[in-house]
**Student:** 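Structure provided below as structure tokens; questions to follow.
Chain A is the first sequence line, chain B the second, and so forth, proteins listed ahead of strands; every chain is numbered from 1.
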Amino acid sequence: MSSDPLVVVVGGGPAGMAAARTLVEAGLRPLVLDKGPRPGGRKWQKPATAGFERRLPGHDPDLAERAIAEFLGMIDRIDWYPGTTVLDATRDRLWALGSDGVIDQTPWDALLVATGALDRVVPLPGWTLPGVYTLGGAQAALKVHGCAVGRRVAFLGTGPLLWLAAAQHLTAGAEVALVADTSHRLGALAALPDLLSAPQRLALGLACFRIVRRAGVPIRLGVRAAIVEGNETVRGISVESRGGRRHFACDAVAMGFGLVPQTQLLDLLDVPFDLEPTSGLWLPRTDRSGRTPVPRVYAAGDGARVLGGEAARLSGERAALAILEDLGRPTDPERAARLERELARQERFARGLARAFPFPAELEARTDEDTVVCRCEGVTAGAIASAVRAFGRHDVNAVKALTRCGMGRCQGRLCGLAAARIAARAAGVPLGEAGRLRAQPPIEPLPARARCMVAEPNG
Amino acid sequence: MNAAPSRLRTEVAIVGGGLVGCSTALHLARRRVPCVLLEAERCGAHASGVNYGGVRRQGRALAELPLAGRARRIWGRLERLVGGDGEFRATGHLRLARDEAEVTALEGWIREAARYGAHGELLSRDALRARFPWLSDGFAAGSYCADDGQANPRLVTPLFARAARSEGATILEGRTVVAIERAPPGFVLRAEPELELEARVLVNAAGAWGTRIARLLGEGLPSEPIAPNMLVSEPLPFRIEPNLGMAGPGIYLRQVPDGSVIFGGGRGTVDLERRRCRPSFATSLSTIEEACRVVPELARASIIRTWAGIEGRTPDDLPIIGPSPGVAGLFHAFGFSGHGFMLAPAVGAVLAELILDGHSATSLAGLEPARFAPGSAAAA
């Protein structure tokens with residue numbers, strides 16, 4: 001039995017891998033849990049072997065393979081649990097479901113949460129039709145499975161992922177019907193000084209834009225409204241911009257308006273959250289090192305703040321140093337300072353992105369009253385607004401209680417942000433007063449037949 | 001925000017905006033009695049808003065049956081009283097016995113409860129199998145009460161609060177009572193943030209905090225905070241019509257119209273200071289296992305959410321309802337010990353009668369606070 005403290009890292013993407021390496025180098029044996037079958041997270045998912053994957057813009061298979069090989073190279077010094085989903089955690093214990101369907105629990109002394117981010121969606125008329133995917137989903141289909149989500153795909157949203165995913169589809173030979181961005185060209189120009197802080201990332205973005213333009217794909221900027229059309233499945237999309245409203249035929253839509261950190265685990269551990277007013281996201285409170293106000297709980301990567309893969313790697317390493325500092329292990333203060341400087345540069349780039357691709361709050365607030373907001377429970381924007389008016393409650397958790405919005409399988413991951421904005425608008429209060437949906441265990445659906453193979457802890 | 005003046009005067013002050021407090025406010029307001037309800041958080045924030053949703057007489061202690069009978073009549077006409085049915089449905093309640101001793105207990109209850117107008121029907125092992133094909137065959141017998149049912153607690157407290165307001169009651173949320181002084185013939189309550197409330201009559205409907213409120217007036221009425229642990233599955237295609245419970249200790253389970261199965265058992269953890277509770281994962285796992293033994297098909301589903309809600313439990317598992325034994329003008333209604341949701345609509349009606357008429361036709365014998373008063377025969 002080792003007397004070393006048990007450091008648990010949740011998430012085996014760039015942040016979790018960098019943290020694990022730093023901890024191993026310091027002589028600790030971290031426990032790393034990840035939902036995926038192999039290390040790398042969403043960022044470095046195992047690519048398809050269709051032949052095109054090495055040419056995709058923004059995809060560096062060598063970098064991914066190097067990072068994964070490095071991680072696997074120290075696997076005998078890591079307790080590595082792939083295919084493992086964390087379900088709940090308290091201040092001294094964490095519960096997870098393994099790929100074998102068995103529930104296990106572990107105590108922990110320090111916990112690093114590096115759980116990544118999901119696409120942000122905006123409920124639009126028709127968004128629940130079969131054939132509508134998130135940008136991340138479409139990208140995963142292409143990169144991991146080597147196929148496009150449709151024969152003719154329209155891309156709608158805003159942010160670098162919109163242009164990257166469209167460019168990747170074109171490079172792979174897929175047909176792209178449209179790229180529709182809610183942002184304006186002017187915003188991108190104003191953001192240029194900040195975007196220059198990470199020239200390589202800026203160059204990639206511009207390259208994606210060029211790929212789309214050269215392919216002759218219709219581009220709409222400053223999109224104000226969009227409707228996905230079709231009865232049983234997607235038949236087309238209508239978008240409205242300054243040039244008027246136009247219909248584009250397509251059989252699939254890939255949609256995303258930036259990314260949302262997956263913070264359920266931090267929430268269950270009582271980490272406080274603050275509203276970031278421009279994006280409308282509630283972000284877990286952390287300092288520059290990744291420490292949260294809750295003792296021994298740390299956060300890194302896109303699961304804390306969406307700054308991208310490179311920042312995830314840096315913040316994972318920085319948080320691991322914070323853990324070592326708090327455990328009283330020797331660390332190099334210069335190394336921590338250097339990481340924080342590099343992170344500050346990534347943050348500046350992220351500020352530029354936020355300016356170039358602002359979240360289209362108006363699009364969300366204007367959601368038509370028949371539009372389904374919560375697709376798990378079939379709750380419309382109109383039902384949310386009328387509950388708010390009928391009971392004089394605009395807290396999104398009260399809205400959930402009154403309407404079932406956010407009570408389904410996804411537990412409000414997709415609809416919670418939109419529901420809050422619709423509730424705040426119906427009540428005529430600032431967005432912050434609608435609050436945020438509180439996480440409830442289990443973080444992911446728990447199969448009732450899953451069995452717990454460990455004895456009850458004493459006491 | 002409420003622009004409440006820092007000093008208010010009313011006839012009846014109610015501490016606690018759970019279902020009992022809101023029901024009391026509604027019944028007082030319907031008789032045009034000025035009342036002010038102070039709620040530390042939001043109405044229905046704890047067990048009232050997130051309880052299991054059982055509406056049953058079956059299995060209750062006999063002392064609760066007069067109140068439960070009256071409550072059942074109110075549940076049947078909820079729409080007229082509060083402008084919504086709270087999804088109340090008389091789906092029946094099935095109470096299951098595992099062994100002969102439990103069967104005897106079921107028979108005893110059916111016999112006794114008949115005197116209070118509650119009717120249970122004993123079902124043999126074969127009858128259970130024929131009527132409820134989704135039920136495991138591990139039960140010796142069951143007792144079925146057709147009048148019982150279930151409702152949606154997330155809707156019921158907001159409906160009562162809204163109805164009370166529209167009848168003229170004042171409900172102030174986000175006001176924590178921190179001190180109470182006796183100022184005969186009434187009381188002065190001090191609440192944070194900045195409010196003083198003067199009232200002739202005081203109702204303590206503070207749920208898990210009821211013992212603390214009583215202590216502010218020097219009354220020792222025992223209760224401990226509990227947080228029943230509950231779960232819900234994804235929707236399932238088969239139909240469990242009745243609300244289910246066990247004759248002995250164990251789980252309770254019901255299926256709501258969208259197909260989700262709500263069930264519970266055991267306890268979560270409570271932090272009364274921070275007014276927070278949390279479901280316990282270990283408790284959830286053992287409850288899932290037991291629920292799958294009752295309804296085997298449940299093993300095919302996933303559990304999508306667990307929760308808990310804070311409430312008070314008394315040493316004899318019976319609520320504390322009625323006039324204070326020592327303080328004139330003070331009425332208690334708390335400590336419902338995990339089964340107050342069904343009773344609450346009637347508790348408000350009975351308290352309004354006790355306050356305004358000095359008596360009620362509904363007996364509270366066995367539930368009154370006096371049973372815990374030092375020196376009282378009931379407390380001995």
Side-chain angles (χ1 to χ4, degrees), chain A residues 86-91 93-97 102-105 268-270 376-379 387 389-395 397-404 406-412 429 433 435 437-457 459, chain B residues 1 41-45 49-50 83-84 152-159 161-162 165 171 173 229-236 256-258 260-261 263 268-269 271 274 276 278-289 291-292 295-308:
Chain A
V86 174
L87 299 171
D88 194 7
T90 59
R91 296 285 173 97
R93 200 163 293 276
L94 178 140
W95 300 82
L97 175 66
V102 173
I103 294 163
D104 211 339
Q105 58 169 320
L268 292 177
L269 289 160
D270 287 337
C376 300
E377 296 287 341
V379 181
R389 286 191 284 264
F391 288 94
R393 291 285 182 88
H394 51 258
D395 172 76
N397 294 289
V399 167
K400 174 180 171 182
L402 292 168
T403 65
R404 305 193 62 82
M407 282 202 166
R409 275 188 73 95
C410 91
Q411 288 295 293
V429 299
E433 287 190 26
L437 278 184
R438 287 186 296 267
Q440 290 176 273
I443 294 171
E444 306 237 356
L446 160 62
R449 63 157 53 87
R451 284 292 167 260
C452 185
M453 287 306 173
V454 285
E456 283 303 299
Chain B
M1 279 309 293
E41 293 164 65
R42 301 278 158 202
C43 288
V50 297
N152 185 343
R154 294 181 284 106
L155 303 180
V156 173
T157 304
L159 284 170
R162 186 177 69 170
R165 274 192 170 121
I171 295 181
E173 297 181 308
N229 199 85
M230 283 160 283
L231 311 86
V232 64
S233 77
E234 62 190 336
L236 284 169
V256 297
D258 85 332
S260 305
V261 175
F263 59 109
T269 55
D271 182 340
R274 295 175 60 220
R276 293 277 299 272
R278 187 187 203 295
S280 151
F281 202 82
T283 301
S284 294
L285 288 177
S286 51
T287 304
I288 292 168
E289 218 171 317
C292 290
V295 180
E297 284 291 295
L298 190 61
R300 286 165 46 175
S302 282
I303 306 308
I304 58 178
R305 186 170 54 253
T306 65
W307 68 95

**Student:** Taking A/Val399's backbone N and O only, do any of them form a donor-acceptor pair with A/Thr403's side chain (distance below 3.5 Å, no angle check)?
**Tutor:** yes
**Student:** Look at A/Ala89, A/Ala398, A/Gly392 and state which one has the largest set of heavy-atom pairs under 4.5 Å with chain B.
**Tutor:** A/Ala89
**Student:** Tell me, side chain or backbone of B/Ser280 under 4.5 Å from chain A's heavy atoms, or both, or neither?
**Tutor:** neither
**Student:** Report yes or no: does B/Ser260 contribute a side-chain atom to a donor-acceptor pair with the main-chain N or O of B/Val232 at less than 3.5 Å?
**Tutor:** no
**Student:** Given a strict heavy-atom distance threshold of 4.5 Å, which part of A/Ala450 is in contact with chain B: side chain, backbone, both, or neither?
**Tutor:** neither
**Student:** Would you check if A/Leu268 and A/Ile443 make a side-chain contact, meaning some heavy-atom pair closer than 4.5 Å?
**Tutor:** yes
**Student:** Below 4.5 Å, heavy-atom pairs only: which of B/Arg305, B/Glu289, B/Glu234 has the largest tally toward chain A?
**Tutor:** B/Arg305
**Student:** What part of B/Leu231 gets within 4.5 angstrom of chain A, counting heavy atoms only: side chain, backbone, both, or neither?
**Tutor:** neither
**Student:** Among A/Pro447, A/Ala401, A/Cys410, which residue forms the greatest number of heavy-atom pairs with chain B at distances under 4.5 Å?
**Tutor:** A/Ala401
**Student:** Strictly below 4.0 Å, N to O, side chains only: are A/Asp270 and B/Arg278 in salt-bridge contact?
**Tutor:** no
**Student:** Say you draw a straight line from CD of A/Glu444 to CZ of A/Arg409; how long is it, rounded to the nearest 0.5 Å?
**Tutor:** 9.5 Å
**Student:** Any luck finding a side-chain donor-acceptor pair between B/Asn229 and B/Thr306 under 3.5 Å?
**Tutor:** no
**Student:** Which answer fits A/Ala439, side chain, backbone, both or neither, if we ask what part of it has an atom under 4.5 Å from a heavy atom of chain B?
**Tutor:** neither
